[in-house]
Amino acid sequence: IIFDVTFFFFVIVILLAIVQGLIIDSFGELRDKLEAVKTDNETKCFICGIGREELDKVPHGFKRHVEDEHNRNHYMFFFLYLMDKPETEHTGQESAVFKMFKQRDFSFFPVGEYFRDDEQHERDD
């Protein structure tokens, strides 16, 4: 009977260690994914995907771009505005964007593109 109790105790301890290892590994994996998302948010524009290196060629380029030109809150508020506004009152552009949004077609996002005014173009040249 002592052998049975000892065997049972060791099997339980080993199984608990395996389960705890799996749990710890999965939390570590989630933490790594979260770090990758944070790094992307700090180094790339969420809307267009252009990196900080490209946008920082002008002073305050990345910060200005992310906060003013491609502010994700502006996009979110625009979609909320379109959902709240009756479809019969949409303008032509609003109708086109809303139709694409409902079809889960996000090709209206300026992926890989960004806008700089003429003054910045002259400074870059």
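Every heavy atom of this structure was used, including side-chain atoms; hydrogens, water molecules and symmetry mates were not.
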Applying the 4.5 Å side-chain criterion to the ILVMFWY set and letting contacts propagate, would [X] and [Y] be lumped into a single cluster?
X     : Y      : result
Leu30 : Ile24  : no
Met83 : Met100 : yes
Ile50 : Ile47  : no
Leu22 : Ile14  : yes
Met76 : Phe98  : yes

**Report entry** Closest approach of Cys48 to Pro110 (non-hydrogen atoms, all atoms of both residues)
**Finding:** CB-O, 3.0 Å
Query - Which atom of Ser95 lies closest to which atom of His90, heavy atoms considered - result: OG-CB, 3.2 Å
Working to the nearest 0.5 Å, report the span between [atom1] of [X] and [atom2] of [Y].
X     : Y     : atom1 : atom2 : value
Arg31 : Lys38 : CZ    : NZ    : 11.0 Å
Leu34 : Thr39 : CG    : OG1   : 9.0 Å
Leu15 : Phe10 : CG    : CZ    : 13.5 Å
Ile23 : Ile18 : CD1   : CD1   : 12.5 Å

Query - salt bridge (Lys or Arg N to Asp or Glu O under 4.0 Å) between Glu67 and Arg64, intermediate numbers included - result: CA-CA 5 Å; Glu67 291 177 0; Arg64 180 174 169 257; over 6 Å; no
Query raised in the report: Are the side chain of Arg52 and the backbone of Glu42 linked by a donor-acceptor contact shorter than 3.5 Å?
Result: yes
Query raised in the report: Quick one: does Leu80's side chain get under 4.5 Å of Asp84's, heavy atoms only?
Result: no
Report task. May I ask you to test the Lys99-Glu87 pair for a side-chain heavy-atom distance under 4.5 Å? Result ->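 When only atoms from C-beta onward are counted, Glu87 and Lys99 do not touch, as no gap falls below 4.5 Å.
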Query raised in the report: Any chance the rings of Tyr81 and Tyr75 have centres within less than 6.0 Å?
Result: no
Query raised in the report: Of all residues at least two apart in sequence or in a different chain, which pass the side chain to side chain donor-acceptor pair (under 3.5 Å) check with Thr88?
Result: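 Result, side chain to side chain donor-acceptor pair (under 3.5 Å) vs Thr88: none returned.
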Listed partners of [X] passing salt bridge (charged side-chain N to carboxylate O under 4.0 Å, His left out), at least two apart:
X     : answer
Lys63 : none
Lys85 : Glu94
Arg72 : none

**Report entry** All pairs passing ring pair (Phe, Tyr, Trp, His ring centres under 6.0 Å) where residues 46-73 contributes a residue, at least two apart
**Finding:**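 Qualifying pairs, neighbours excluded: His65-His70, His65-Tyr114.
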Query - Crowding at CZ, Phe8 (>12 non-hydrogen neighbours, <6.0 Å) - result: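 No.
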Query raised in the report: Only one of Phe106, Phe78, Phe109 clears side-chain contact (heavy atoms from CB on, under 4.5 Å) with Val97; which?
Result: Phe78
Query raised in the report: What residue pairs, at least two apart or across chains, pass side chain to side chain donor-acceptor pair (under 3.5 Å) with a residue in residues 17-27?
Result: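 Every pair satisfying side chain to side chain donor-acceptor pair (under 3.5 Å) with a residue in residues 17-27: there are none.
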